[in-house]
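What follows is a set of notes on a single structure, which appears directly below.
As the structure is a prediction and not an experimental result, all values here were calculated from the model.
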Amino acid sequence: MRNTIKIATAVLAAGTLTLGLTACGSEEDSGSDASSPLTVAASPVPHAEILNFVKDNLAEKAGLDLEVKEVTDYVTPNTSTEDGSVDANYFQTQAYLDDFNKKNGTHIVPAGDVHLEPLGLYSEKVKEADELKSGATIAIPNDTINEGRALQLLAANKIITLKDGVGFGATSSDITENPKKLKFKALEAAQTPRALADVDAAVVNGNYAIGADLQPAEDALVLESAEGNPNANFLAVKEGNEDDPRVKKLAELLTSDEVKKFIDDKYAGSVVAAF
């Protein structure tokens, strides 16, 4: 039986190399001309799927020329938005963005919340978290934000105990109690679901879980609750482009009743509309 927990300050984020994303824009086509294409870099699932729903069903009627570039990591979307290769991105949470901007000197800002993806613990070896054996190996994301979020997920379910006040900057060195003597294997976030055959369990970001044909609402041993969770994934742009009419139009479409119904019907609680 899956235990659902509530983390009020969990942070998602959301991993690294693009598949074929190149410098696809110029100063001309990435400008604020409302008639020029708006190119958005997005993780394949669910972000690009949601954008493609908008492109196929809503954009033309709204007068928006939308181009979607699928990206499989959490670095390229922001660097490409910063350098103008794309106009916007859709893949991350505020905590991840704050950390990224600080470390990389980028100037990316949110332009509208869209959805939440719960982080979960998955296993091919056990059906309950308390069935994990002594010395079991748990794969966790290796980026700063998601590592801390993964450890907080485990701590909230009393699998480990962390130092007071470490928040989502927690690392394995902040573990104060580990009764099962669990071992942690830090991997790129995109690799965690692929590691399930080789480890006892893995903490997987929602988008990567869905991409691996896992159903977070059904398959996770423990799962963050969307209720009270501040970690919405949002449309993001380079600072100064928030008022681009194309961006505003896309943000409006992404928070429409049609998109909410699409999210509810397609993801059945594994992805939740944040509007």
Side-chain angles (χ1 to χ4, degrees), residues 1-15 74 91-100 102-103 113 115-123 126 128-132 136-193 195-196 199-210 214 216-217 219-234 269-272 274:
M1 174 190 236
R2 174 178 58 80
N3 297 317
T4 300
I5 63 100
K6 185 184 297 186
I7 295 181
T9 57
V11 292
L12 166 50
Y74 292 163
F91 78 103
Q92 65 192 322
T93 62
Q94 188 66 59
Y96 179 83
L97 176 59
D98 290 345
D99 183 69
F100 190 95
K102 182 179 179 179
K103 289 180 175 178
D113 291 349
H115 76 268
L116 296 169
E117 298 171 19
L119 193 77
L121 177 69
Y122 300 85
S123 177
V126 300
E128 302 279 350
D130 59 11
E131 294 175 1
L132 289 168
T137 298
I138 312 296
I140 59 174
N142 66 2
D143 62 275
T144 301
I145 295 302
N146 282 306
E147 178 183 5
R149 186 180 175 196
L151 294 173
Q152 289 291 355
L153 173 68
L154 299 178
N157 283 275
K158 305 186 186 308
I159 297 170
I160 60 172
T161 302
L162 295 170
K163 293 177 184 177
D164 291 339
V166 293
F168 293 92
T171 68
S172 56
S173 64
D174 295 312
I175 298 173
T176 57
E177 294 181 28
N178 184 4
K180 289 183 177 287
K181 298 179 173 57
L182 301 174
K183 300 172 184 176
F184 297 96
K185 184 175 184 179
L187 300 172
E188 181 185 341
Q191 300 299 320
T192 53
L196 281 169
V199 297
D200 296 288
V203 179
V204 183
N205 291 79
N207 60 314
Y208 291 130
I210 297 168
L214 295 168
D219 297 333
L221 304 182
V222 295
L223 185 71
E224 291 175 339
S225 172
E227 184 180 352
N229 191 321
N231 301 295
N233 281 211
F234 48 74
S270 296
V271 175
V272 182

Set of salt bridge (Lys or Arg N to Asp or Glu O under 4.0 Å) partners for Lys181, sequence neighbours left out: none
Using atom types as modelled and distance alone, determine if a side-chain donor or acceptor of Asn205 lies under 3.5 Å from a backbone N or O of Tyr208. no
side-chain hydrogen bond (donor to acceptor under 3.5 Å, both in side chains) with Asn178: which residues, sequence neighbours excluded? none
The reported gap from CG in Leu121 to CD1 in Ile159 (rounded to nearest 0.5 angstrom) is 5.5 Å
Interatomic distance, Asn233 atom CG to Leu116 atom CG [nearest 0.5 angstrom]: 7.5 Å
Roughly how far, to the nearest 0.5 Å, is CD of Gln94 from CZ of Phe234? 4.5 Å
Is there a side-chain contact between Leu154 and Ile175 in this structure, where contact means two heavy atoms from C-beta onward sitting under 4.5 Å apart? no
Which heavy atom in Ala136 sits nearest to a heavy atom in Asp200, and how many Å separate them? CA-OD2, 3.2 Å
Can you name the closest pair of heavy atoms from Thr171 and Ser173 and give their distance? OG1-OG, 2.7 Å
Quick one, Leu196 with Leu214, criterion side chain to side chain contact (heavy atoms under 4.5 Å, CB included). Give me CA distance, side-chain angles, the key distance, then yes/no. CA-CA 11 Å; Leu196 281 169; Leu214 295 168; 4.1 Å; yes
Output every pair passing salt bridge (Lys or Arg N to Asp or Glu O under 4.0 Å) with a member in residues 160-176, not counting sequence neighbours, ordered by first then second residue. Lys163-Asp174
side-chain hydrogen bond (donor to acceptor under 3.5 Å, both in side chains) with Lys102: which residues, sequence neighbours excluded? none
Above 12 or not: heavy atoms from other molecules or residues under 6.0 Å from NZ of Lys185? no
Side chain proximity check, Ile145 to Asp98, heavy atoms < 4.5 angstrom: no
Which heavy-atom pair separates Val222 from Ala129 by the least distance, and what is that distance? CG1-CB, 4.2 Å
Can you tell me how far apart CD1 (Ile160) and NZ (Lys180) are? Round to the nearest 0.5 Å. 13.0 Å
Between Glu117 and Asn207, is there a donor-acceptor pair closer than 3.5 Å when you use the side chain of the first and the backbone of the second? yes
Taking only residues two or more places apart in sequence or in another chain, which ones pass side chain to side chain contact (heavy atoms under 4.5 Å, CB included) with Lys183? Thr137
Once side-chain hydrogen bond (donor to acceptor under 3.5 Å, both in side chains) is applied, do any residues pair with Ser123, and if so which ones, sequence neighbours excluded? none
Using the test side-chain hydrogen bond (donor to acceptor under 3.5 Å, both in side chains), find all partners of Asp113 that sit at least two apart in sequence or belong to another chain. none
Mind listing the closest non-hydrogen atom pair of Ala189 and Asp143 along with its distance? CB-OD1, 4.2 Å
Indicate yes or no for a side-chain donor-acceptor contact from Glu224 to the backbone of Leu119 under 3.5 Å, with no hydrogens or angles considered. yes
Please round to the nearest 0.5 Å and tell me the distance separating atom CG of Leu221 and atom CG of Asp130. 9.5 Å
Any heavy-atom pair between the side chains of Gln152 and Val166 that's under 4.5 Å? yes
For Ala201 against Leu132, the heavy-atom pair lying closest together: CB-CD2, 4.1 Å
Any side-chain heavy atom of Asn142 sitting closer than 4.5 Å to one from Leu187? no
Rounded to the nearest 0.5 angstrom, the CD1-CG distance for Ile210 and Asp219 is 11.0 Å
Please give me the minimum heavy-atom distance between Ala220 and Gly120, naming the atom from each residue. CB-CA, 4.3 Å
